[in-house]
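Below is one structure, written out as structure tokens, with a few remarks after it.
All values reported here derive from a predicted model rather than from experimental measurement. Reminder, nothing fancy here: chain letters follow the sequence lines and each chain counts from 1.
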Amino acid sequence: MAAESKVLPRSFYARGTVEVARECLGKVIVHGATAGRIVEVEAYLGLDDLAAHSSRGITERTRVLFGPPGHAYVYFIYGMYDCLNFVAEEDGTPGGILIRAVEPLSGLAIMQRRRPKARRVEDFASGPGKLALALGITRELNGADLVEGPIRVRQLRDEPRFATGCGPRIGITKCADLPLRFWVNGNRFVSR
DNA sequence: AGTTCGATCGCCT
DNA sequence: GGCGATCGAACTG
């Protein structure tokens with residue numbers, strides 16, 4: 001796969017969060033021997049988006065959301081799960097893209113070991129907590145560089161065409177009506 | 001220092 | 001569809 005794809009440059013992330021979110025669909029996350037194709041994401045906008053962690057300003061947790069683009073923001077939620085975001089926008093402007101689902105491509109046996117209760121491939125990474133487990137992504141990787149670090153995002157040279165859908169984000173109470181969730185239409189690995 | 005509640009998941013009915 | 005698990009960040013006083 002390495003010969004048929006290239007790592008996304010930092011300039012890919014240094015744009016508006018919604019634009020980057022939409023274009024993340026179809027890209028491939030590689031971590032160690034595991035890889036998955038992004039099929040569902042959500043955009044979390046800077047300070048006005050009350051559902052975004054960045055809306056309350058810079059804290060120890062949200063620091064990387066305000067930093068340079070092309071880095072991973074990994075946070076701990078519900079006492080149990082880690083979730084992966086990509087940082088967008090120019091340095092100093094917050095913007096996060098929550099990766100909600102990937103289609104497993106490589107390292108399926110490793111993913112099954114990390115997701116022992118999953119009975120089907122469709123259950124390996126069809127949710128933000130699940131995908132972090134399947135890809136082995138934890139809070140230790142918060143702040144990791146997506147261009148040169150341990151997690152990389154690649155674009156296939158012959159990325160297949162696909163239609164996308166858009167709708168409200170999942171699991172939030174504030175700003176619950178904004179259509180900031182994006183997915184690959186009809187893909188069976190989307191969380192819902 | 002104490003309380004609240006969350007960008008979830010899996011099990012139960 | 002409903003709910004319990006589980007714990008840290010953020011907010012209150």
Side-chain angles (χ1 to χ4, degrees), chain A residues 13 16-25 27 29 34 36 38-67 69 71-89 93-104 111-144 146 151 153 164-184 188-192:
Chain A
Y13 304 95
T17 307
V18 171
E19 183 181 5
V20 178
R22 272 196 297 247
E23 294 192 20
C24 279
L25 294 174
K27 304 302 185 288
I29 300 174
T34 59
I38 300 171
V39 296
E40 180 184 356
V41 299
E42 286 177 357
Y44 284 86
L45 313 181
L47 301 163
D48 299 328
D49 178 3
L50 278 305
H53 293 168
S54 54
S55 66
R56 287 180 218 82
I58 300 181
T59 66
E60 185 167 347
R61 179 175 67 153
T62 63
R63 181 171 42 80
V64 323
L65 280 172
F66 289 79
H71 290 257
Y73 167 54
V74 185
Y75 68 91
F76 185 56
I77 188 69
Y78 292 117
M80 263 176 279
Y81 301 105
D82 290 306
C83 294
L84 169 68
N85 288 247
F86 296 165
V87 176
E89 306 280 353
T93 303
I97 293 145
L98 172 68
I99 311 303
R100 284 198 58 91
V102 302
E103 173 177 345
M111 293 188 189
Q112 175 70 86
R113 213 175 308 137
R114 290 170 174 163
R115 300 269 305 122
K117 290 175 184 169
R119 298 168 49 134
R120 312 171 304 156
V121 182
E122 286 88 340
D123 300 324
F124 283 8
S126 53
K130 299 180 196 176
L131 116 220
L133 287 168
L135 294 173
I137 291 166
T138 69
R139 281 161 288 169
E140 291 178 11
L141 290 164
N142 185 40
L146 299 174
I151 307 168
V153 188
T164 63
C166 159
R169 294 173 292 184
I170 290 173
I172 57 172
T173 54
K174 302 163 197 154
C175 300
D177 296 329
L178 299 178
L180 293 176
R181 173 174 169 251
F182 305 95
W183 61 84
V184 173
R188 70 189 209 273
F189 299 93
V190 170
S191 70
R192 62 181 81 168

Using salt bridge (charged side-chain N to carboxylate O under 4.0 Å, His left out) as the criterion, list what pairs up with [X], not counting sequence neighbours.
{"X": "R22(A)", "answer": "none"}
{"X": "R56(A)", "answer": "none"}
{"X": "R120(A)", "answer": "D123(A)"}
{"X": "R181(A)", "answer": "E40(A)"}

Worksheet item: Can R139(A) be said to sit on top of F76(A)'s aromatic six-ring, NZ or CZ under 6.0 Å from centre and within 45° of the ring axis?
Response: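 Satisfied, under 6.0 Å and within 45°.
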
Practice prompt. Identify the 5'-most and 3'-most nucleotides of DNA chain B with at least one atom closer than 4.0 Å to a non-hydrogen atom of chain A.
Written response: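 Endpoints of the contacted stretch of DNA chain B: dG6(B) to dC11(B).
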
On a heavy-atom basis, which atom in [X] and which in [Y] lie closest, and how many Å separate them?
{"X": "L135(A)", "Y": "R114(A)", "value": "C-NH1, 3.3 Å"}
{"X": "C166(A)", "Y": "P179(A)", "value": "SG-O, 3.4 Å"}
{"X": "P168(A)", "Y": "A176(A)", "value": "CB-O, 3.4 Å"}

Item to complete: Using ring pair (Phe, Tyr, Trp, His ring centres under 6.0 Å) as the criterion, list what pairs up with F66(A), not counting sequence neighbours.
Response: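 Applying ring pair (Phe, Tyr, Trp, His ring centres under 6.0 Å) to F66(A) gives none.
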
Worksheet entry | Dot-bracket encoding of pairs in DNA chain B, which uses [ ] for pseudoknotted crossings and | for another strand, Watson-Crick or G-U under 3.5 angstrom | ||||||.|||||.

Worksheet item: Would a distance-only check, ignoring hydrogens and angles, find a side-chain to backbone donor-acceptor pair under 3.5 Å from T62(A) to L65(A)?
Response: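 Answer holds: no.
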
Fill in: Test item: R115(A) side-chain N/O and F124(A) main-chain N/O as donor-acceptor pair under 3.5 Å
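Present.
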
Worksheet item: What is the 5' to 3' range of DNA chain C, first to last nucleotide, that sits under 4.0 Å from any heavy atom of chain A?
Response: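 Here the contact window of chain A covers dA5(C) to dC11(C).
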
Practice prompt. Quick one: label I172(A) by what it contacts on the DNA or RNA (base, sugar-phosphate, nothing), any heavy atom closer than 4.0 Å.
Written response: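 Contact class for I172(A): sugar-phosphate only.
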
Practice prompt. Assign R119(A) to base, sugar-phosphate, or nothing according to its heavy-atom contacts below 4.0 angstrom with the strands shown.
Written response: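 Contact class for R119(A): none.
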
Worksheet entry | Contacting residues from residues 44-66 of chain A, given that a heavy atom lies under 4.0 angstrom of DNA chain C |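 Here the set is R56(A), T59(A), R61(A).
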
Worksheet item: Does any residue of residues 120-138 of chain A have a heavy atom under 4.0 Å from DNA chain C, and if so, which ones, in number order?
Response: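 Under 4.0 Å from DNA chain C: no residue of residues 120-138 of chain A.
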
Mind listing the side-chain donor-acceptor pairs of residues 41-49 of chain A below 3.5 Å, one per line with the distance, residues two or more places apart or on another chain?
unit_1: E42(A); atom_1: OE1; unit_2: Y44(A); atom_2: OH; d: 2.7
unit_1: E42(A); atom_1: OE2; unit_2: I170(A); atom_2: N; d: 2.8
unit_1: D49(A); atom_1: OD1; unit_2: A51(A); atom_2: N; d: 3.1
unit_1: D49(A); atom_1: OD1; unit_2: R169(A); atom_2: NH2; d: 3.1
unit_1: D49(A); atom_1: OD2; unit_2: L45(A); atom_2: N; d: 3.0
unit_1: D49(A); atom_1: OD2; unit_2: R169(A); atom_2: NH1; d: 2.8

Practice prompt. Report the C-alpha distance between Y75(A) and L98(A) in whole Å, list the side-chain angles of each, state the deciding distance to 0.1 Å, and finish with yes or no for side-chain contact (heavy atoms from CB on, under 4.5 Å).
Written response: CA-CA 10 Å; Y75(A) 68 91; L98(A) 172 68; 4.0 Å; yes

Discussion item. Rounding to an integer number of angstrom, what distance separates dC5(B) and dC3(C) when you compare their C1' atoms?
Written reply: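 Per the computed distance, 15 Å lies between those C1' atoms.
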
Worksheet item: Residues in side chain to side chain contact (heavy atoms under 4.5 Å, CB included) with S55(A), at least two apart?
Response: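 By the side chain to side chain contact (heavy atoms under 4.5 Å, CB included) rule, S55(A) matches L50(A).
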
Discussion item. Consider side chain to side chain contact (heavy atoms under 4.5 Å, CB included). Of V102(A), I99(A), V153(A), which one does K27(A) pass it with?
Written reply: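 With K27(A) as partner, side chain to side chain contact (heavy atoms under 4.5 Å, CB included) holds for just one option, V153(A).
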
